[in-house]
Amino acid sequence: MQNLQDLLKQVDAILESSVDTPEPTPDQEVPTDSLLTALNTHFGYTSFRKGQREIVEAILDGKNTFAVFPTGHGKSLCYQLPALMLNGITVVISPLISLMKDQVDTLREQGIDAVSLINSTQTWDEYQNELARLKRNEVQLLYVSPERLRSRRFLDLLNALRISLFVIDEAHCISQWGRDFRPAYLSLRDTIDVLQPHVIALFTATAPPEIQEDILSVLNIPTPHILVEGIERPNLKLSVQENENEDEKYLQLEKFLNEQRVPLSTPDTEPRHPRLKNGIIYAGRRRETEEIADFLQRRGFRADFYHAGLEPQERTRVQEAFFNGSENGLDVVVATNAFGMGIDKADIRYIVHWTLTGTLEEYCQEIGRAGRDGADARCVLLFCHDDRGLHEWFIRESTPDKQFLIKLLKVIENFKGSERYRTISNEELEWMSSSNPTKIHVGLSYLEKLGFLKRWYNVPSQLSVRFRGFWSEQAEPQGTRQRELLSELRSGVKTILELCDATGQNPKTIMEGLAELQSDGYIQYWGQEDLLLIELLEDSQMLSTLTDEQIEIGDYIRRRQSQLDQVFVYALEATCRMRVIRDHFGEVVEESYRCGTCDLCQTEAVSE
């Protein structure tokens, strides 16, 4: 009887709780599982954004994961949360120190202290402090610049730890056919082979199927769990404005920018001159950025230009002025694609493209910088049919033939080096091969693909070295090579090739030795990494025996033409622009799909 009474009490309690507890809305996840509990504990969120949970679960299930995730949609949480739940350390590789520092600072502000950042700009004391934290098992999430992975000793330290998850952020930087290719990323395949992490996770915002295949091929990762979260961001309002010529573009641009002004006034003050919202105008050539910026300045817009030809301090000045929200700042920057990765300003209200990009993924990367605060942003393409001629000229000028590949390989062979290694600047390659940077980049990619050379990370042409104050009291390095290298540095040798000549070591060994000496506290070194480090594997005579079909030059032309065709399909689309983009990135899209926010969908809605 007592058991029956207890049972009735339990039933009453359940009924009472069901009355007091509101029903969850259809879009609200009920936080009853361990994943939502961890999400709320570490980050204060009660629900996942679309796609996040699936990625987190795949990683926690031990699956290698390739996630194509929209910019500004919370992809960093997809590896940060598993990192805090897994036993062991998560290693995160990112191309820009500033991006890593921002993430680390944000995590610490949220009270997450088990995070560390190790990069090449740290002092010896800072570096040693982070190593000590690693050894004390105080770190769950470790951000590392690719350059630090040159140190075999640092890899040995990581190897002594359990690497639960190895994350490569901005994974498209690995693809040799992508615009954002980073030579430092090429060594990540060797790093993965050494560390043997339990799970590998790749993240990028823009990687169509062919780029995904290239990334996986370079890293030699078995078929991972690929998750393509929709690239669609409803707050980005896509539109194309067709123009007959450049003069018409200027008129359209000025009209559009005037529409982006917002009045500055309060109930107690007179209205002031309307302020322009923040935005970026992308142009294809450096000269165009300067001309457009001059046009805007003469019409009273607070504008300036930015491209890779500017001095570093000038680029910094423009970037800081753009982030400056005061009256002394800039409202609009006219830039080439050099104004790209690392530009994390939440309130960019418009992106205007003065001309077509070469690929649709480049276009999506650039418009993805708008509206990261979730508010509406305009993405306008000023389209002119004549723009295609410029891009086709670029394709012709950047396409190497067999004779050029032989010439390029001979230039590298004849350059001064050590053993089979050569250190050479891009400028030297351009001058000695009488070619442009893009053609050289494509040529190097082909020579590497064919097995004639291997590109390692970039190395500095000049070294600046600071010796630790106690080196005279400290025991000498144990290794003979390390002692020789330290001795030559003390004698004043400051270039990689001079160190090679003096020690009999090749450039790759020298760079690894410098990393070891810095890790052990003997030196701190720095220098602009402006030289390509290339290892020769086969000679140019062997290349001359290959046929055009074996070299497959036609593949590059067909790929570039196909990419350009996709941009034109987008510009000339008649139904829905977002449908074209989603289809390009491998999503299954119904022919009847309409985004409802692009210019075409809006026009269709008005006409109905």
Side-chain angles (χ1 to χ4, degrees), residues 236-264 272-340 343 345 347-358 362-363 365-367 369-371 377-391 393-394 567 571 599:
L236 299 187
K237 311 302 180 183
L238 309 178
S239 64
V240 175
Q241 295 181 3
E242 191 166 344
N243 303 275
E244 291 295 327
N245 51 46
E246 198 165 86
D247 290 339
E248 191 173 336
K249 283 187 180 184
Y250 277 110
L251 293 174
Q252 291 276 14
L253 178 62
E254 184 176 10
K255 179 175 180 290
F256 172 79
L257 291 180
N258 281 323
E259 292 170 353
Q260 307 312 305
R261 293 188 182 276
V262 290
L264 294 175
R272 289 182 288 165
H273 188 65
R275 169 107 183 241
L276 183 65
K277 300 174 187 176
N278 287 134
I280 304 173
I281 300 169
Y282 280 110
R285 291 177 286 195
R286 296 177 182 179
R287 174 179 57 80
E288 288 176 329
T289 67
E290 298 176 14
E291 292 172 350
I292 296 167
D294 178 66
F295 170 83
L296 296 177
Q297 288 167 359
R298 285 187 281 108
R299 279 153 180 79
F301 294 101
R302 300 193 309 172
D304 211 335
F305 62 90
Y306 183 107
H307 56 65
L310 296 176
E311 293 297 323
Q313 60 269 25
E314 185 64 11
R315 294 201 299 270
T316 300
R317 180 194 67 77
V318 174
Q319 186 168 330
E320 289 178 350
F322 185 58
F323 279 77
N324 183 351
S326 73
E327 293 184 358
N328 297 320
L330 291 172
D331 295 323
V332 60
V333 172
V334 188
T336 62
N337 56 29
F339 197 67
I343 305 302
K345 183 173 170 61
D347 62 345
I348 294 175
R349 298 271 68 88
Y350 54 88
I351 301 286
V352 177
H353 279 82
W354 183 256
T355 187
L356 296 169
T357 56
E362 288 176 32
Y363 184 72
Q365 277 276 4
E366 289 166 1
I367 66 173
R369 296 179 185 119
R378 297 282 304 279
C379 303
V380 181
L381 170 62
L382 300 178
F383 172 65
C384 179
H385 284 273
D386 292 343
D387 291 343
R388 184 175 187 110
L390 174 64
H391 279 283
W393 179 83
F394 279 143
V567 182
D599 56 340

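Just the heavy atoms: all of them, side chains too, but no hydrogens, waters or symmetry mates, feed the values below.
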Quiz prompt | Donor-acceptor pair, side chain of Y350 and main chain of L257, under 3.5 angstrom | solution = no
Practice problem: State which residues pass side chain to side chain donor-acceptor pair (under 3.5 Å) with D347; sequence neighbours excluded, sorted by chain then number. | Solution: K345
Practice problem: Locate the shortest heavy-atom distance separating A308 from A338; write the atom from each residue and the value. | Solution: N-CB, 3.8 Å
Quiz prompt | For the student: nearest non-hydrogen atoms of V240 and A571, plus distance | solution = CG1-O, 3.9 Å
Self-check item: Whether F305 and H307 hold their rings parallel, tilted or perpendicular, with breakpoints at 30° and 60°
Solution: parallel
Quiz item: Heavy atoms, side chains only, cut-off 4.5 Å: are H353 and E366 in contact?
Solution: yes
Practice problem: Please report the closest heavy-atom contact between G284 and T355, naming both atoms and the distance. | Solution: N-CG2, 3.8 Å
Quiz item: Can you name the closest pair of heavy atoms from H391 and L356 and give their distance?
Solution: NE2-O, 2.7 Å
Practice problem: Under the side-chain contact (heavy atoms from CB on, under 4.5 Å) rule, what do Q241 and L382 come out as? Steps first, then yes or no, please. | Solution: CA-CA 5 Å; Q241 295 181 3; L382 300 178; 3.6 Å; yes
Quiz item: Around atom CD of E259, are there more than 12 heavy atoms of other residues, nucleotides or ligands at under 6.0 Å?
Solution: yes
Quiz item: When rounded to the nearest 0.5 angstrom, what is the spacing between CD1 in I280 and CD1 in I351?
Solution: 4.0 Å
Quiz item: With L238, which of L381, I367, D599, V380 fulfils side-chain contact (heavy atoms from CB on, under 4.5 Å)?
Solution: I367
Quiz prompt | Side-chain ion pair, R286 and E290, N-O less than 4.0 Å | solution = no
Practice problem: Measure the CD-CG distance between Q252 and D247 for me, rounded to the nearest 0.5 Å. | Solution: 12.5 Å
Quiz item: If every non-hydrogen atom of E248 is compared with every non-hydrogen atom of E242, which pair is closest and at what distance?
Solution: OE2-O, 3.8 Å
Practice problem: With rounding to the nearest 0.5 Å, note down the distance linking CG in D331 to CG in N324. | Solution: 10.5 Å
Quiz prompt | Step-by-step side-chain contact (heavy atoms from CB on, under 4.5 Å) determination, F322 to F339 | solution = CA-CA 11 Å; F322 185 58; F339 197 67; 3.9 Å; yes
Quiz item: Can you list the steps and then say if L296 with L253 is a side-chain contact (heavy atoms from CB on, under 4.5 Å)?
Solution: CA-CA 9 Å; L296 296 177; L253 178 62; 4.2 Å; yes
Practice problem: Could you tell me which non-hydrogen atom of Q260 sits nearest to which non-hydrogen atom of K277, and how far apart they are? | Solution: O-CG, 3.0 Å
Quiz item: What residues form a side chain to side chain donor-acceptor pair (under 3.5 Å) with Y282, not counting sequence neighbours?
Solution: R369
Quiz prompt | Residue from F256, Y250, F295 passing ring pair (Phe, Tyr, Trp, His ring centres under 6.0 Å) with W354 | solution = Y250
Quiz prompt | Side-chain donor or acceptor of Q297 paired with backbone N/O of A303 under 3.5 Å | solution = yes
Exercise. Measure the SG-CD distance between C384 and E244 for me, rounded to the nearest 0.5 Å.
Key: 7.0 Å
Quiz prompt | Derivation of the side-chain contact (heavy atoms from CB on, under 4.5 Å) call for V567 and E362 | solution = CA-CA 10 Å; V567 182; E362 288 176 32; over 6 Å; no
Self-check item: Pairs satisfying salt bridge (charged side-chain N to carboxylate O under 4.0 Å, His left out), at least one member in residues 311-320, at least two apart
Solution: D304-R317, E314-R317
